[in-house]
Number of protein chains: 2
Amino acid sequence: MNSPSFRNWQSVQDEVLRRIHAREWKPGDLIPNEVDLALEFGCARSTVNRALRSLAESGLLDRRRKAGTRVTAQPVAKATLDIAVIRHEVEERGRKYGYQRIDCGLKIPPLAISGAMQTDADNPLLHVRALHLADDAPYALEDRWINTGVVPDALDEAFQTVSANEWLLKHAPYTHGDIAFSATAALAEEASILSCPKQSALFVIDRLTWDNTQAVTKVRLLFGPGHHLRTRL
Amino acid sequence: MNSPSFRNWQSVQDEVLRRIHAREWKPGDLIPNEVDLALEFGCARSTVNRALRSLAESGLLDRRRKAGTRVTAQPVAKATLDIAVIRHEVEERGRKYGYQRIDCGLKIPPLAISGAMQTDADNPLLHVRALHLADDAPYALEDRWINTGVVPDALDEAFQTVSANEWLLKHAPYTHGDIAFSATAALAEEASILSCPKQSALFVIDRLTWDNTQAVTKVRLLFGPGHHLRTRL
DNA sequence: AATGTTTTTATGTGCATACATATTCACCTG
DNA sequence: CAGGTGAATATGTATGCACATAAAAACATT
């Protein structure tokens with residue numbers, strides 16, 4: 001029973017992963033406690049702790065004080081999506097990025113918008129629409145409302161060359177956000193902007209960004225047919 | 001300049017977050033090193049390390065040895081989606097879960113499937129189609145191919161009452177998976193199963209699960225119109 | 001049996017220290 | 001000046017120890 005040196009937390013983690021995967025420890029099973037594992041692996045308890053904590057964070061282990069550590073029965077796969085600036089997203093795929101502002105101006109928003117952003121119904125917000133291009137073809141249509149009460153500087157911007165997407169990241173701090181993915185059929189105008197048939201199935205990302213209790217911006221991104229959002233898990 | 005006790009890593013993290021958010025440390029800025037921060041906060045370096053490492057994991061800080069720690073210029077928002085078993089997903093929304101198997105049998109898969117799964121083109125796979133219901137209304141259509149070479153036990157299952165979704169999680173180990181989200185227009189048969197109009201925009205999740213180098217299963221989930229996948233960031 | 005109290009136990013965290021490792025930066029050499 | 005070399009430095013991690021904390025389990029009390 002030579003223990004081939006599990007002296008760093010990565011290798012401890014690998015070994016634990018191996019045992020889970022090899023079903024030596026089955027889903028739902030209680031695994032040995034940290035002290036015993038440290039003894040077996042010939043390392044410090046804190047090293048084992050680091051490894052197990054990391055696995056718990058990624059959802060493979062369930063840990064509770066006194067109750068011990070067990071293999072998650074039905075691991076909730078955690079797909080981590082990287083929502084980057086659209087320009088980066090396009091360039092990372094090796095395509096040329098392009099940007100066209102469509103329109104921009106202060107407007108009283110629809111009730112659905114002021115409601116979601118919790119602003120007064122008669123309070124005008126900055127509305128910006130723009131098209132993101134990849135290799136000169138339409139990539140995504142951005143429809144955004146900006147709370148000028150929170151980001152007054154946005155009023156001085158026309159978003160002609162810099163997308164609101166990027167400008168806001170640089171100028172508007174935020175604490176958290178809600179994001180939702182869905183599918184919708186292209187309306188006539190949307191279809192014409194994205195140069196796709198009317199009623200095409202579009203991939204949608206809705207994002208609402210908050211600075212503590214105040215909504216900063218609400219954006220809807222419509223992606224042309226065939227768009228895929230991929231990740232690993 | 002009283003330092004009101006930053007003696008645990010959470011409060012250190014909160015304070016760092018506050019400074020980033022208050023723009024005392026702006027995007028791109030280099031922040032003080034761990035030793036200095038530990039001194040300022042009156043705690044051990046390892047405590048500061050824990051706090052900063054955690055922030056780096058969530059993408060708010062960029063850390064490099066010797067180069068130091070800086071506030072991420074354009075934070076890549078990491079949206080973590082929890083992809084649970086569909087039954088749990090439905091029940092968590094407080095709705096009644098239902099399940100109907102549509103069909104199930106060994107079949108030679110289309111080339112697109114055998115190609116993606118890297119199985120021989122003439123190798124039959126187990127094909128299962130099923131409908132998931134929420135409050136007796138169609139919720140998601142599951143179309144799945146199972147590699148019986150990897151999960152031979154699946155042949156003994158008819159998936160009449162237990163969904164392949166759940167059965168596999170319990171019986172088939174896997175190491176990793178690819179997942180993709182997109183939108184598609186409902187074909188005639190899909191529309192009829194989901195009882196929605198033909199050509200409706202459906203939300204799609206495609207998942208391909210691997211056990212090391214062998215594909216375990218490939219599944220396509222079609223969600224009815226109006227479905228949203230939400231998360232926080 | 002129902003309820004409240006104490007003990008036990010596994011994880012969670014903090015600290016001081018030491019050493020590892022990746023980079024940068026300054027310096028040296030041809 | 002180009003290019004290589006080595007010192008300096010910030011983060012990364014392992015260790016041993018101590019104590020905190022949650023929660024189960026054992027025990028006592030009514």
Side-chain angles (χ1 to χ4, degrees), chain A residues 2-17 19-20 24-73 75-76, chain B residues 2-17 19-20 24-73 75-76:
Chain A
N2 56 345
S3 314
S5 81
F6 297 115
R7 293 168 168 285
N8 57 27
W9 72 270
Q10 304 259 10
S11 65
V12 169
Q13 189 179 49
D14 288 348
E15 173 62 10
V16 171
L17 266 173
R19 292 186 188 181
I20 292 174
E24 289 176 28
W25 294 337
K26 299 192 200 62
D29 279 6
L30 196 66
I31 77 173
N33 70 40
E34 294 185 346
V35 177
D36 292 350
L37 284 177
L39 213 69
E40 180 190 341
F41 292 145
C43 65
R45 179 170 82 93
S46 45
T47 306
V48 174
N49 181 283
R50 182 89 155 78
L52 298 188
R53 177 163 29 93
S54 155
L55 286 172
E57 268 164 26
S58 57
L60 262 99
L61 293 178
D62 265 340
R63 320 194 73 199
R64 265 166 59 222
R65 276 173 170 156
K66 162 77 188 174
T69 302
R70 49 184 71 234
V71 181
T72 305
V76 180
Chain B
N2 58 342
S3 314
S5 80
F6 296 115
R7 290 163 173 286
N8 57 30
W9 72 270
Q10 304 257 14
S11 66
V12 169
Q13 189 180 50
D14 287 348
E15 172 62 9
V16 171
L17 266 174
R19 293 188 187 181
I20 292 173
E24 289 175 28
W25 294 337
K26 297 192 201 63
D29 278 7
L30 196 66
I31 77 173
N33 69 41
E34 295 185 345
V35 176
D36 291 350
L37 284 177
L39 213 69
E40 181 190 341
F41 292 145
C43 65
R45 180 168 83 90
S46 47
T47 307
V48 174
N49 181 285
R50 182 90 154 77
L52 298 188
R53 175 160 36 87
S54 154
L55 287 172
E57 268 164 25
S58 58
L60 261 98
L61 293 178
D62 264 340
R63 320 194 72 197
R64 267 165 57 223
R65 278 173 171 159
K66 162 77 187 174
T69 301
R70 51 184 70 234
V71 181
T72 306
V76 181

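Computed from a predicted structure; not experimentally measured. Just so it is clear: chains get the letters A, B, ... in the order the sequence lines come, proteins before strands, and each one is counted from 1.
Here the closest non-hydrogen pair linking A:P27 and A:T72 is CB-O, 3.8 Å. Here the shortest heavy-atom pairing between A:S11 and A:F6 reads OG-CA, 3.5 Å. Residues B:W9 and B:A51 come closest through the heavy atom pair O-CB, 3.5 Å. Contact between B:N33 and B:D36 at its shortest, heavy atoms only, is OD1-N, 2.9 Å. For the pair B:V35 and B:R45, the tightest heavy-atom approach, listed with the atom from each and the gap, is CG2-CD, 3.9 Å. When every heavy atom of B:V48 is checked against every heavy atom of B:F41, the shortest pair comes out as CG2-CD1, 4.4 Å.
Checked against salt bridge (Lys or Arg N to Asp or Glu O under 4.0 Å), A:R53 has no partners two or more places apart in sequence or in another chain.
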What pairs of nitrogen or oxygen atoms, one from the protein and one from nucleotides 4-6 of chain D, lie under 3.5 Å apart?
none

Handout entry: Stepwise side-chain contact (heavy atoms from CB on, under 4.5 Å) test for B:L55 and B:Q13
Key = CA-CA 7 Å; B:L55 287 172; B:Q13 189 180 50; 3.6 Å; yes

Exercise for the section: Evaluate the criterion side-chain contact (heavy atoms from CB on, under 4.5 Å) for residue pair B:L52 and B:L37; output intermediate values, then yes/no. Expected result: CA-CA 10 Å; B:L52 298 188; B:L37 284 177; 4.2 Å; yes

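The side chain to side chain contact (heavy atoms under 4.5 Å, CB included) with A:W25 is formed by just one residue from the set A:T69, A:L61, A:I31; it is A:I31.
The number of heavy atoms from other shown groups lying within 6.0 Å of CZ (A:R19) is above 12.
At a non-hydrogen distance threshold of 4.0 Å, B:A44, B:R45, B:S46, B:T47, B:R50 from residues 44-58 of chain B come into contact with DNA chain C. For residues 61-73 of chain A, proximity to DNA chain C is found at A:R63, A:R64, A:R65, A:K66, A:G68, A:T69, defined as any non-hydrogen atom under 4.0 angstrom from a strand atom.
In this structure, CH2 of A:W9 is placed 11 Å from P of D:dG12, rounded to the nearest angstrom. Atom pair A:Q13:CD and D:dA14:P shows a separation of 11 Å (rounding to whole Å applied).
For DNA chain C, the contact window with chain A, defined by any atom under 4.0 Å from a protein heavy atom, covers C:dT8 to C:dT13 in 5' to 3' order.
One distance of note links CZ of B:R7 with OG1 of B:T47; it measures 10.0 Å at 0.5 Å rounding.
For residues 63-72 of chain A, the set of pairs meeting the salt bridge (Lys or Arg N to Asp or Glu O under 4.0 Å) definition, not counting sequence neighbours, comprises A:E34-A:R63.
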